[in-house]
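Worksheet: the structure to be examined is printed underneath.
Counting begins at 1 with the first residue of the sequence. Ligands are counted one by one from 1 in listed order, and the atoms in each one are counted from 1 as well.
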Amino acid sequence: MSNKQKRFILPEDEIPRFWYNIQADMINKPLPPLNPATKEPLKPEDLYPIFAKELCQQELNQTDTWIEIPDEVRDMYKYYRSTPLVRAYGLEKALDTPAHIYFKNESVSPIGSHKLNSALAQAYYCKKEGVSNITTETGAGQWGAALSYAANVFGLEAAVYQVKISYEQKPYRRSIMQTFGAQVTPSPSMSTRAGKDILTKYPNHQGSLGTAISEAVELARTTPNCKYTLGSVLSHVTLHQTIIGLEAEKQMEMAGEYPDAIIACFGGGSNFGGIAFPFMRHTILEGKKTRYIAAEPASCPKLTRGKFEYDYGDEAGYTPLLPMYTLGHNFTPANIHAGGLRYHGAGVIVSQLIKDNLMEAVDIQQLDSFKAGCLFAKVEGIIPAPESCHAIAATINEALKCKESGEEKVLLFNLSGHGLIDMSAYDQYLAGNLTNYSLSDEEINKSLAEVNELNK
Ligand SMILES: *Cc1c(COP(=O)(O)O)cnc(C)c1O
């Protein structure tokens with residue numbers, strides 16, 4: 001055991017200096033987002049009222065493969081990067097598998113998840129443009145916490161709309177946001193037109209990422225010098241997250257191995273794309289045979305049971321129309337504890353990659369995810385975020401297949417965050433109070449009906 005290296009860490013000067021833009025290498029580019037009023041393809045200028053200009057350009061950039069990380073952002077990455085690549089010897093032993101299991105530990109960031117990688121970049125570009133206020137939505141509170149931290153770093157005011165159910169289930173995330181100086185409002189709220197409309201129709205609405213996005217976008221559009229920011233789904237967010245995979249590439253080299261399969265949980269796709277895309281580059285350009293597996297919750301199965309259509313990114317229909325796998329923008333997922341995975345759509349890049357069979361997706365039931373998370377905690381010593389438990393469950397499934405076949409495959413998964421602020425979810429699991437949710441085709445078809453109308 002003594003000569004087995006457990007963790008692989010890069011020196012500071014090896015932290016990547018560029019993000020990787022997979023759009024430039026994709027053979028079939030994502031279809032263009034459409035302006036919902038004119039149904040014309042979106043131009044970067046159309047997004048300027050909502051997002052910082054550089055981010056709008058990054059969003060639609062299909063030509064530049066490498067995008068330089070600004071020094072100011074890279075300096076802040078140094079507070080927690082590189083994150084360790086870890087060989088999961090404990091998990092391998094517990095599963096008695098011949099597979100080599102590695103994970104990239106993004107839970108070591110100051111707010112406990114990968115979200116900070118994009119929050120720092122987005123806050124920086126807003127600051128550079130002279131913006132004073134930023135706003136956003138948050139589900140489980142991970143993105144809101146990251147954005148609050150980043151706003152504080154770059155001297156911006158942050159207003160966060162938090163999905164009501166999470167606001168109540170995860171009070172400590174709210175405290176973290178407030179500690180960094182952010183103003184936090186549960187959504188739907190009476191503070192916006194969108195929130196009022198939703199509450200009038202559904203007085204007991206528990207909130208969803210869709211309702212919170214609608215409120216935050218409205219605030220950005222109606223407040224001078226205020227920009228909206230988004231923690232997932234959009235292409236520029238995933239671009240910033242490629243720092244994960246670019247580091248992992250170097251670290252796997254230190255370990256002398258190359259992954260056969262790369263696995264990550266899937267909400268809007270940013271941590272998945274972040275770890276997968278730098279490796280997928282070699283699949284697209286050199287035909288490298290690697291599997292890329294997105295693990296989504298069975299209660300919100302947009303990749304495996306959704307439909308590829310143009311749909312809104314939010315409940316109220318404020319965002320551009322995005323070509324993506326979707327369950328319908330009015331789909332309200334069951335109240336699973338992996339709040340960060342309760343989103344109806346998949347993002348335009350990943351949706352195109354699924355269509356082109358460059359990646360696959362699996363559905364994980366809530367109870368299986370927590371069972372995997374508890375095993376991981378016991379054998380690797382880290383309590384994973386409920387979201388990350390989905391990646392662990394999918395990895396365990398692959399490792400057990402290796403046990404059956406005797407194959408010594410190399411598996412790499414992303415540990416997107418720790419669960420230390422989600423212990424109420426673990427309490428519920430340990431007390432036997434959690435259930436699986438089954439979703440009928442009728443329910444899915446019902447929420448897709450409106451999307452079908454949109455695409456007529
Ligand atoms: C937000 C979040 C996710 C899901 O978002 P993606 O954009 O799909 O990565 C997953 N894990 C954690 C810990 C999160 O905070």
For this output row, return yes or no: ring centroids of Y258 and F279 closer than 6.0 angstrom.
yes

What residues form a ring-ring contact (aromatic ring centres under 6.0 Å, His included) with H329, not counting sequence neighbours?
Y312

Would you say [X] and ligand 1 have an N/O pair spaced under 3.5 Å apart?
X: G268; answer: yes
X: G231; answer: no
X: V233; answer: no
X: S270; answer: yes

Nearest protein heavy atom to [atom], by residue and atom, and its distance?
atom: atom 11 (N) of ligand 1; answer: S416 OG, 2.7 Å
atom: atom 7 (O) of ligand 1; answer: S232 OG, 2.5 Å
atom: atom 8 (O) of ligand 1; answer: G267 N, 2.6 Å
atom: atom 3 (C) of ligand 1; answer: K115 NZ, 3.5 Å

Under 4.0 Å between a side-chain nitrogen and a carboxylate oxygen: does that hold for E398 and K401?
yes

With the threshold set at 4.0 Å, does a side-chain nitrogen-carboxylate oxygen contact exist between K78 and D75?
yes

Using a 3.5 Å cut-off and no angle test, enumerate the donor-acceptor pairs between side-chain atoms of residues 373-380 and protein atoms at least two apart in sequence or in another chain.
from: E380; atom 1: OE1; to: K6; atom 2: NZ; distance (Å): 2.6
from: E380; atom 1: OE2; to: Y89; atom 2: N; distance (Å): 3.4
from: E380; atom 1: OE2; to: G90; atom 2: N; distance (Å): 2.8
from: E380; atom 1: OE2; to: L91; atom 2: N; distance (Å): 3.0

I'd like to know whether ligand 1 has H114 as a neighbour, heavy-atom separation below 4.0 Å.
yes

Proximity to ligand 1 by part of W143, non-hydrogen separation under 4.0 Å
neither

List every atom of ligand 1 that sits less than 4.0 Å from any heavy atom of E387, numbering the atoms from 1 in the order shown and giving each element.
10 (C), 11 (N), 12 (C)

Numbered atoms of ligand 1 (with element) below 4.0 Å of G340, judged on heavy atoms:
4 (C)

Between Y20 and W66, what is the ring plane arrangement, given parallel below 30°, perpendicular above 60°, and tilted in between?
tilted

Students often mix this up, so state it plainly: with edges at 30° and 60°, are the rings of F180 and Y149 parallel, tilted or perpendicular?
perpendicular

Which option, G417, G269, C265, A264, owns the non-hydrogen atom nearest atom 10 (C) of ligand 1?
C265

Cut-off 3.5 Å, side chains only: do E215 and S189 have a donor facing an acceptor?
yes

Examine distances only and state if a side-chain atom of E309 and a backbone atom of T326 form a donor-acceptor pair shorter than 3.5 Å.
no

